[in-house]
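Along the sequence shown, residues carry numbers from 1.
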Amino acid sequence: MALELGGPPSYHALGSREVVCHWLSHVKLSRIIVLVSIVLIIVPLITHYYLSKVESNVPNGDVHRTRSKLEAFEDFSTLKASDLKLRIEEMMRIKGSVSTELRDLEAKRQRLQLEVVGFTQRIDELKLELIHQQTELERLKISVEQAQVAQREALQRNTPDLALPQRLLPSSAPEQLTPPPPGEGLHCRMYNCFDYSRCSLTSGFPVFLYDPDHYPVIARGWEVEGFVKTTLKQTLGYNPHFTSDAKVACIYVVLVGEALAVPGGQNTQNSAKTLQESLLHNLPHWGGDGRNHVLLNFARSSSVHDSRDLSTGGRDVFASVDTGRAILVQSTFARSSFRPDFDIVAPPILGPPGGDVWQDCPSMLPARRRYLLSFQGEFRYSTDLVTTKEATVKSLAETVDNIDDEENKEDYKSDFRRKSSDSDNQEDVDRFIMEHLHGMAYGSTSDRFLFHFECSLSVAPNIEGTVRKLNTGRWPSDSGKVSDSWGEWALCGTESSRTNVLRDSTFALIMAPTNTSLVSTTVVQIRVYEALRAGAIPVLLGGDRLEMAYGEVVDWRRAALFLPKARITEMHFFLRSIPDSDLLSLRRQGRLVWERYCSSVQSVVDTVVAVLRDRLAIPPLPVQDEPSPSVFNSTFTPLKTEAVVSEAEPEESLGPIEPPYPSPRFKRNYTVFLTQGHEMWNDWGDPFRLYPQLPFDILLPSDAKFIGSGVGFRPIGRGSGGAGKEFSESLGGNNPREQFTIVMLTYEREQVLINSLSRLYGLPYLNKVVVVWNSPKPPLEDLRWPDIGVPVHVIKATRNSLNNRFLPYDAIETEAVLSVDDDTHLRHHEIVFGFRVWREQRDRIVGFPGRFHAWDLNYGGWLYNSNYSCELSMVLTGAAFFHKYYTYLYSYWLPQAVRDKVDEYMNCEDIAMNFLVSHVTRKPPVKVTSRWTFRCPGCPVSLSEDDTHFQERHKCIKFFTQVFGYTPLLNTQFRADSILFKTRIPHDKQKCFKFI
């Protein structure tokens with residue numbers, strides 16, 4: 001069976017071999033050759049295909065790894081140990097070499113990546129630089145256009161560029177002329193009794209004073225009161241118009257009084273001969289007729305009525321004296337001797353020689369005081385002339401005897417009969433007035449009055465019943481009549497007692513003398529003086545026939561009420577109809593008039609000189625700037641460096657690049673007092689100095705820029721207007737082109753200062769930077785100052801004071817001043833926008849950080865508040881624009897007590913400036929938009945971070961309110977933004993500011 005199973009396969013294998021052999025034995029040689037050739041061709045092709053497929057499957061085409069793989073299959077079993085070790089070392093060496101090469105390649109790759117990043121940043125920087133250069137190019141184009149316009153204006157200008165003129169002065173004393181006929185002086189006016197040739201418009205109005213010790217003009221038995229003589233010489237010597245050279249003088253001042261009678265001297269009973277004509281006419285420069293001479297008879301100690309015979313202050317010392325063509329200055333004038341617009345009514349000099357006088361004034365609030373109206377006085381009858389009628393008749397007889405023409409005699413008699421008839425009624429009128437006042441006091445009204453008609457009555461103002469009992473209202477009996485030739489109400493009590501009553505009175509009644517021939521008396525002027533000082537509004541009954549002090553320049557109707565005596569029955573109704581706003585306006589104006597023109601000897605003398613100068617249309621002398629000494633000596637040159645700005649300003653064209661252009665100065669020397677003289681005397685209160693510019697200068701009409709008066713103006717789009725692009729090219733507005741000066745106060749924070757200066761690089765419209773170096777130590781010699789494209793003037797302060805911020809330095813040559821702290825951080829577009837806003841609000845403070853004064857609900861009074869509020873009343877001058885004019889007022893006009901308080905606290909100078917500007921303008925400041933913070937980050941702590949800072953500012957507000965008599969700060973509820981702010985505009989237009 002085994003054979004059967006194994007038989008067939010054996011047979012099959014044997015048969016196959018036999019078949020192959022049979023085939024090989026019969027195959028042809030040619031076929032074998034062809035077959036071998038085919039195999040030799042196909043095998044390499046298949047091998048190449050296989051190898052190519054293996055290499056394509058290796059990552060990154062790493063043939064070395066493939067080789068290593070192939071070698072891995074090599075049989076190392078036949079190698080010796082030494083050969084294997086060498087082979088391993090060779091492999092390690094290759095590995096190290098490859099690793100090193102890989103590291104080099106990675107470092108090179110990183111370097112290339114850094115270079116790519118650097119090149120990318122450089123490309124971005126070049127793009128920004130391209131945009132910046134394009135912006136600068138546009139600004140330069142605008143600047144070239146502006147310069148071309150300025151050049152054309154300079155060529156076409158047909159008016160001279162005025163500067164302060166050279167003084168034109170006379171070369172000799174007045175020549176001797178024939179004395180005028182007696183009585184001609186009564187008809188004197190400026191046109192026929194004044195020598196204008198000695199007072200050129202450019203003379204500066206030199207004033208010469210005859211020394212009263214060397215040139216007395218009063219008779220023996222009299223002498224000039226010592227206080228008057230001493231203080232007049234001192235105060236007139238302080239006046240800038242004073243000269244000691246009589247040859248160049250315009251006017252000559254002669255001090256006549258107040259003169260007092262020497263006890264036991266001669267002529268005390270003949271008061272008419274107090275002034276000695278011979279001494280007067282023999283003055284060395286009298287010139288025969290006294291032209292250009294001013295005779296002063298001041299009143300001081302004549303507040304007591306009975307002292308007229310013992311002093312000259314209370315009477316007309318020039319009566320029956322030939323004063324020629326001299327100008328008379330005194331408090332008492334008769335109508336027949338007063339020459340309007342020639343003689344001057346002066347107030348009495350009852351105050352100190354000079355200095356602050358605010359302590360003498362009570363608060364202006366409340367508007368309505370305890371008494372609606374008060375009066376204290378005693379009526380004095382005439383016994384010298386018996387009645388006013390007899391005085392009139394006597395004057396008639398003397399005058400008629402000197403008239404030759406019969407027709408003129410009859411006219412004169414007729415006129416005097418009318419006056420005599422009027423005089424007869426004056427006594428009845430005054431009696432009716434007193435009876436009516438008595439009825440007012442005892443009427444059913446709730447108003448309270450205080451009337452005393454007899455000096456013997458005591459004043460008890462604190463007890464209402466006592467006051468009413470004293471208001472007897474009885475007309476004095478004949479037996480009680482006191483001698484007086486004027487029919488005047490004499491003063492009662494002491495100055496202190498009268499002041500106490502006036503401080504409790506809303507109005508002070510002042511009655512004109514019964515004698516209508518008087519236009520002013522010393523007693524009336526004293527009453528007005530005391531009322532204004534106490535804040536009681538003067539009510540002049542019969543004031544329609546009175547002449548007030550400095551009446552030709554002072555608008556008394558803004559400070560007092562004038563009623564004819566015939567309106568006595570309507571007076572109560574009239575006084576009750578006045579609202580609180582008008583009451584406080586009258587009281588404020590009265591205080592301004594009193595402080596500036598009446599309060600001290602200095603103010604009276606300066607005002608008399610200013611009235612005469614104003615009458616001749618001669619401008620005052622220019623106000624003096626403060627010198628600006630450099631903190632560097634003349635041989636040292638500070639190191640400079642390029643300005644490095646840590647935070648780049650946004651790319652925005654804000655204005656052209658211009659060279660420094662100072663504001664025109666003293667362009668209205670001879671016209672400001674003609675066009676704005678009323679405001680100068682009655683609103684701004686400083687007619688004694690000539691300022692280079694004013695924030696109140698008159699604006700031209702809009703069409704004047706294009707019709708004959710366009711010099712200096714840069715209208716937007718040349719007048720056609722426009723959006724952001726045209727807006728940035730020109731200042732526009734209502735004023736000619738101008739620039740501003742930055743004033744920066746610093747104290748030992750050099751790096752903070754340098755950083756702040758660097759941020760100012762490229763700021764349009766910047767004229768210069770004035771740095772006030774308050775530190776006693778000079779800057780470091782190696783300190784590098786940034787070159788910001790405009791001059792940087794570092795001023796050495798004489799002492800460390802915050803008041804130095806507001807000194808009128810002569811280095812400031814622009815009207816606009818931007819006051820900033822050294823740590824203030826404002827962007828350029830914020831500064832330029834604030835400047836543009838200020839140009840339209842030149843008389844106000846325009847700035848960024850707002851504050852307000854808040855009422856203390858617990859204790860009363862004002863508090864300083866810096867919390868967020870929808871109302872503000874102050875803009876801090878740490879970042880604010882204001883006019884340079886206010887630096888003069890702050891330094892020379894503001895009471896010294898305010899500046900002393902600033903030095904005491906080393907604080908509050910910004911509050912004081914806000915008080916000053918609001919007091920002068922009666923307007924609040926203007927806040928402009930800004931970022932939420934304007935302090936530089938990382939700066940050292942400033943004074944405002946001190947814990948006592950706010951407490952001191954509370955006290956400052958309260959103290960300044962006492963000085964001013966009220967709080968002048970006013971509230972405002974808006975801030976200024978640019979016109980197209982938040983306005984949707986077409987895509988092809990630009991906003992005024994991109995970021996405001």
Can you tell me if Tyr215 has over 12 outside heavy atoms packed within less than 6.0 Å of its OH?
no
Between SG on residue Cys361 and CZ on residue Arg587, distance to nearest 0.5 Å:
12.0 Å
Taking the side chain as everything from C-beta on, heavy atoms only, tell me whether Leu255 gets closer than 4.5 Å to Val217.
no
For the CD atom on Gln624, are there more than 12 heavy atoms of other groups (residues, nucleotides or ligands in this structure) within a distance under 6.0 Å?
no
Please check if any side-chain donor atom of Glu813 sits under 3.5 Å from a side-chain acceptor atom of Ser663, or the reverse.
no
In Å and rounded to the nearest 0.5 Å, what is the OG1 to CG distance from Thr671 to Asn669?
7.5 Å
Taking all atoms of both residues into account, what is the closest heavy-atom pair of Trp556 and Val593, and its distance?
CH2-CG1, 3.8 Å
Do Tyr597 and Pro347 have side-chain heavy atoms sitting under 4.5 Å apart?
no
Give the C-alpha distance, both sets of side-chain angles, the deciding distance and a yes or no for ring pair (Phe, Tyr, Trp, His ring centres under 6.0 Å) between Tyr886 and Phe806.
CA-CA 8 Å; Tyr886 293 119; Phe806 302 129; over 10 Å; no
Would you give the length of the straight line joining atom CZ of Arg167 to atom CZ of Phe205, rounded to the nearest 0.5 angstrom?
11.5 Å
With heavy-atom distances below 4.5 Å as the criterion, would you say the side chains of Arg315 and Thr274 are in contact?
yes
Looking at side-chain heavy atoms only, is the closest gap between Val357 and Glu595 below 4.5 Å?
yes
Hey, are Asp341 and Arg615 close enough for a salt bridge, meaning a charged N less than 4.0 Å from a carboxylate O?
no
Above 12 or not: heavy atoms from other molecules or residues under 6.0 Å from CZ of Phe227?
yes
Any salt bridge linking Asp211 with Lys233? Criterion: basic side-chain nitrogen under 4.0 Å from a carboxylate oxygen.
yes
Quick one: do Arg557 and Asp555 make a salt bridge, cutoff under 4.0 Å?
no
Should Arg533 and Asp360 be marked as a salt bridge (charged side-chain N to carboxylate O under 4.0 Å, His left out) after you check the CA-CA gap, both sets of side-chain angles, and the distance that decides it?
CA-CA 7 Å; Arg533 181 181 60 186; Asp360 298 333; 5.6 Å; no
Which atom names give the shortest non-hydrogen contact between Phe713 and Pro736, and what distance separates them?
CE2-N, 3.7 Å
Within the 4.5 Å heavy-atom criterion, are Val605 and Leu232 side-chain neighbours or not?
yes
Ring pair (Phe, Tyr, Trp, His ring centres under 6.0 Å) for Tyr888 and Tyr890? Distances and angles first, verdict last.
CA-CA 5 Å; Tyr888 295 110; Tyr890 185 95; over 10 Å; no
Does Arg558 pair with Asp683 as a salt bridge, N-O distance under 4.0 Å?
yes
Residue pair Asp343, Arg189: steps toward the salt bridge (charged side-chain N to carboxylate O under 4.0 Å, His left out) verdict
CA-CA 9 Å; Asp343 296 330; Arg189 297 296 185 269; over 6 Å; no
Under 4.0 Å between a Lys/Arg side-chain N and an Asp/Glu carboxylate O for Arg596 and Asp606?
no
Short N-O contact, Arg325 and Asp195, less than 4.0 angstrom
no
Any salt bridge linking Arg291 with Glu175? Criterion: basic side-chain nitrogen under 4.0 Å from a carboxylate oxygen.
no
